[in-house]
Amino acid sequence: TSNLKLHLHPSHLLCDVTIGVARTLVSLGDVKSQKYGADWVEKVERYVQLFQNDDDGGNGGMMIKVVDAIKNSWKRNDDDDDQKEGKTKEEHARKRLKTG
C-alpha cells in the first residue's frame, strides 16, 4: 500500500482473504493445519477487533466470532484426540487384565 500512496493498514485489503485461507486450513481437520490457520488469523486479529464491530447493525460482530473460532479450533481437535487416546489406553489396559 505504500507504493500506491494509500494510507491503509494492509489488513484492510487482506483481512477477508486471510480469514478465508485460515478457514480453509481449519476445514482440513488435522491439528497441524488448524494451528497454521490460527497463525494466519492472528495476523489480522487486531484489525478485526478494532474495525469489525457491530455498532452499525451489520455483521461485524460475527467476524470477531469467526476469528475466535479459528484461533481455538486446534485446541478442540487436540482435546478430542487426547480423549480418544485416553479411551484407547483404557480399553487396552482392560484387555490386558482380561487376558493376563
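Nothing fancy with the numbering, it's 1 onward along the sequence.
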Chemist: Let me confirm one number: the CD-OG1 distance from Glu42 to Thr18, rounded to the nearest 0.5 Å.
Modeler: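 Nearest 0.5 Å value for the CD-OG1 distance: 12.5 Å.
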Chemist: Quick one: does any side-chain atom of Asn72 pair with a main-chain N or O of Lys75 as donor and acceptor, under 3.5 Å?
Modeler: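 Answer holds: no.
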Chemist: Once you round to the nearest 0.5 Å, how far does CD1 of Ile19 lie from OH of Tyr47?
Modeler: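 It is 9.5 Å, given to the nearest 0.5 Å.
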Chemist: Report, as yes or no, whether the 6.0 Å neighbourhood of atom OH on Tyr36 holds more than 12 heavy atoms from other residues, nucleotides or ligands.
Modeler: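 Counting neighbours around OH of Tyr36, 12 or fewer heavy atoms of other residues, nucleotides or ligands fall under 6.0 Å, so no.
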Chemist: Specify the closest pair of heavy atoms between Ala22 and Gly37, including all atoms of both residues, with the distance to one decimal.
Modeler: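 Minimum heavy-atom separation between Ala22 and Gly37: CB-O, 3.4 Å.
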Chemist: Val21, Leu28: one ILVMFWY side-chain cluster at the under-4.5 Å cut-off?
Modeler: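 The answer is yes; both residues are in one hydrophobic cluster.
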Chemist: Tell me, with the steps shown, if Arg23 and Ile70 meet side-chain contact (heavy atoms from CB on, under 4.5 Å).
Modeler: CA-CA 7 Å; Arg23 289 175 78 173; Ile70 292 171; 3.3 Å; yes
Chemist: If you look at every heavy atom in Lys35 and Trp74, which pair is closest and at what distance?
Modeler: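 Closest pair (atom of Lys35, atom of Trp74, distance): CE-CE3, 3.2 Å.
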Chemist: Do the non-hydrogen side-chain atoms of Val48 and Cys15 ever get within less than 4.5 Å of each other?
Modeler: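 Yes, close enough: below the 4.5 Å cut-off.
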Chemist: In Å and rounded to the nearest 0.5 Å, what is the CG to CH2 distance from Leu14 to Trp40?
Modeler: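 Rounded to the nearest 0.5 Å, the CG-CH2 separation comes out at 9.0 Å.
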Chemist: Roughly how far apart are Asp16 CG and Met63 CE, rounded to 0.5 Å?
Modeler: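 Going from the CG atom of Asp16 to the CE atom of Met63 covers 5.5 Å.
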Chemist: Would you say Val26 ends up clustered with Val67 if hydrophobic residues are merged whenever their side chains have heavy atoms under 4.5 Å apart, either directly or through other cluster members?
Modeler: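 Same cluster: Val67 reaches Val26 through Ile, Leu, Val, Met, Phe, Trp or Tyr contacts under 4.5 Å.
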Chemist: Is the closest basic N to carboxylate O distance between Glu45 and Lys71 below 4.0 Å?
Modeler: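 Answer for the salt bridge query: yes.
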Chemist: Hey, could you give me the NZ/CE distance between Lys65 and Met62, rounded to the nearest 0.5 Å?
Modeler: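 That separation rounds to 5.5 Å.
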Chemist: Roughly how far, to the nearest 0.5 Å, is the OG atom of Ser73 from the CG atom of Asp68?
Modeler: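 Going from the CG atom of Asp68 to the OG atom of Ser73 covers 11.5 Å.
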